[in-house]
Amino acid sequence: MAQVPVQTIHRDPQLFYWILFPITIVMILTGVLRHYATVLMASDPKRVDQKTMREQRALLHGINVRGNHHVLSQSSFVTRRDALIAAYESGAYLKDPENRGQPPPNPMSDPNAMEGMMGMMKNQMATIIPNTLIMSWVNAFFSGYVIMKLPFPLTIKFKSMLQAGVATKDMDPRWMSSISWYFLCIFGLQSVFNFLLGSDNAANQMSQQMTQMGPQAGQMFGPGVDPNKQFLAEAENLAVVEHHSVLDGVEQRLLEGIKV
Amino acid sequence: MASSVLYPPTQRSPAGALALSQQAPAILRSSPSTVSSSPLNALLSGSEKSEMWLQYENLILSCLRTGDDQAAHQCLKRLVARFGTDNERVQALMGLVKEAEANNNGELEDVLKGYGEILSENDTNVPIAKRRIALLRSMGRLADAASALVQFLDFSPTDPEAWSELSDIYLSQGLYPQAIYAIEEVLVLAPNAWNVCNPTIPRNLSPMLMHLSQIHARLGELQYMAATAPGVANGSSQKYLAEAIKRFSRSIELCDDYLRGYYGLLLVSKKLLNDGAKATKQPEDSEFALPDTSTIERLNELATAKLSEIARHSASHDRGWRGYSEAEVAAARELLAVGESAVKR
């Protein structure tokens, strides 16, 4: 079988200096800027008043008792369980007991909730605006031609990714266009930002998206959740716990396990 | 060396604290006195490390302990320069330094009043609330400290540190059942701690005494103390002893060669064996029955063997057997000696 001739395209070597480097540098600088913008815009964690804290921690306490019931003896667990269930069902830990049983207020009207949403909006904006700007800048100035050849072979599937904006069917996927370089920068600059700004930086939007998709820990006490219902559910959970203790038969385990 | 500065110093021996505070000038010299927050500097000099602030915090505690107020003030100044006086932890540290420098009760009262003012502005300032309780306790107002702690735990029942402090206060007042209840709460919140003072949770690290340590063994000790306290009915005393023996066994199960665990096990089993003659019948409803006599004997043998092994090895400074506290090993030896003389007789 005949060797497929190696494609060569004669490019101006200046392309390298006037496109590749500018895009990279601009990307890094925007990342750094975004980091500092996020730091500046970050609002202080809002202060929790004592009643809210009491409500939240009382619930957590119940969850802890339920999760770690095995360290307690039967009688101490039963006393705790009964006390907690009684308090939960009577609403003793609620922030405002008179609102019990009423539907939760509209999260939109709660100023605290609005603040949280504004924070999220700000973060989203800090991601979207620079991305749109840079992408249109790259598209306007550098689209329509290839700028470099990757030093390793690739399969045909990469064509759509690496040669976005260059509609040439037969070109080897190793050739890549400027918009592809832009995408590579988006995904690949995380380590550079880690090096420059420390590991918990806000420069890379990828990590932000990850955290947004992940499970939200704050959701438990978030706006729009009725704490009374949470308490009732937790009381039920506590009531059905089948108690066993680590102390059951521990001497036997010890005598069997440890040989002198 | 530097890493030892990162651990909370409440568990440290006086000698260790002295050694640490003697390093203070070197540490203060080696790290920059101010950290610029300007982006350019951060790019050039690398970002600040959170370890450094932890280091300063622990240095303050050690230096105050050893009377090096000057170094403590320097550390505090840097913390204030970085975090401002509004920061809750910094506020607590400032209060701590003031407490340490107070010469008489009147000045302590002033500090206490200051805490009260801070708390009236922001009643969820946890470090200051804890500081206030600790100050009340160290001023000898135990009842006030206990009631303040109970109040604190009402709105923050998930704080193991506070529970353990409450248990300690109750214990010093001789209220064993309350102390046991409080330490059980600690266990619920930190279920697998046998002797761990976890250095990775500095979130709550306040200058208040922090002993998350020895929970199971500690509970066993409490049960033992409750059982041997005068005026305890025989039935409930046996209940306490039965749980004590289980708690000590559990602490050994979690940590092999745990000296305190074996010590307690030996103590309790010996007491049970001595009392064995007059052991009353167990009430039916007791959940933890005393193990039968042969099991107690075997446990006694095991504890004796292990304790003498530990004592022997640490006397000859064997590799792998270091790290036992001198006082604990000495106490173990004493207990063993008592046992031997009893056998000879």
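All heavy atoms count here, side chains included; hydrogens, waters and symmetry mates do not. In the text below, chain A, chain B and the rest are named by the order of the sequence lines, each starting its count at 1.
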Peer 1: Name the region of B:I296, side chain, backbone, both or neither, that has any atom closer than 4.5 Å to a heavy atom of chain A.
Peer 2: neither
Peer 1: Any ion pair linking A:R80 and B:E185 (charged N to carboxylate O, less than 4.0 Å)?
Peer 2: yes
Peer 1: List the steps, then state whether side chain to side chain contact (heavy atoms under 4.5 Å, CB included) holds for A:E251 with B:L265.
Peer 2: CA-CA 10 Å; A:E251 308 94 340; B:L265 195 58; over 6 Å; no
Peer 1: Could you check A:S73 against B:E243 for side chain to side chain contact (heavy atoms under 4.5 Å, CB included), going step by step and ending with a plain yes or no?
Peer 2: CA-CA 8 Å; A:S73 62; B:E243 191 167 341; 4.0 Å; yes
Peer 1: Show your working on side chain to side chain contact (heavy atoms under 4.5 Å, CB included) between B:T124 and A:T52 and close with a plain yes or no.
Peer 2: CA-CA 10 Å; B:T124 50; A:T52 320; over 6 Å; no
Peer 1: Does the side chain to side chain contact (heavy atoms under 4.5 Å, CB included) test come out yes or no for B:L302 and A:L255, once each step is laid out?
Peer 2: CA-CA 8 Å; B:L302 174 73; A:L255 285 173; 4.2 Å; yes
Peer 1: For A:W18, look at atom CH2 and say whether over 12 heavy atoms of other residues, nucleotides or ligands are found less than 6.0 Å away.
Peer 2: no
Peer 1: Out of curiosity, B:S156 OG to A:M53 CE, how far, rounded to the nearest 0.5 Å?
Peer 2: 5.5 Å
Peer 1: If I compare all heavy atoms of B:T158 with all of A:N64, which pair ends up nearest, and what's the gap?
Peer 2: CG2-ND2, 4.0 Å
Peer 1: Surrounding CD of A:Q252 (heavy atoms of other residues, nucleotides or ligands, distance under 6.0 Å), is the total greater than 12?
Peer 2: yes
Peer 1: Looking at B:F155 and A:R57, what are the two nearest heavy atoms and their distance?
Peer 2: O-CB, 4.0 Å
Peer 1: Let me confirm one number: the CD-CG distance from A:Q50 to B:N122, rounded to the nearest 0.5 Å.
Peer 2: 9.5 Å
Peer 1: Apply side-chain hydrogen bond (donor to acceptor under 3.5 Å, both in side chains) to B:E184 and A:S76, showing your working.
Peer 2: CA-CA 8 Å; B:E184 276 175 352; A:S76 14; 3.3 Å; yes
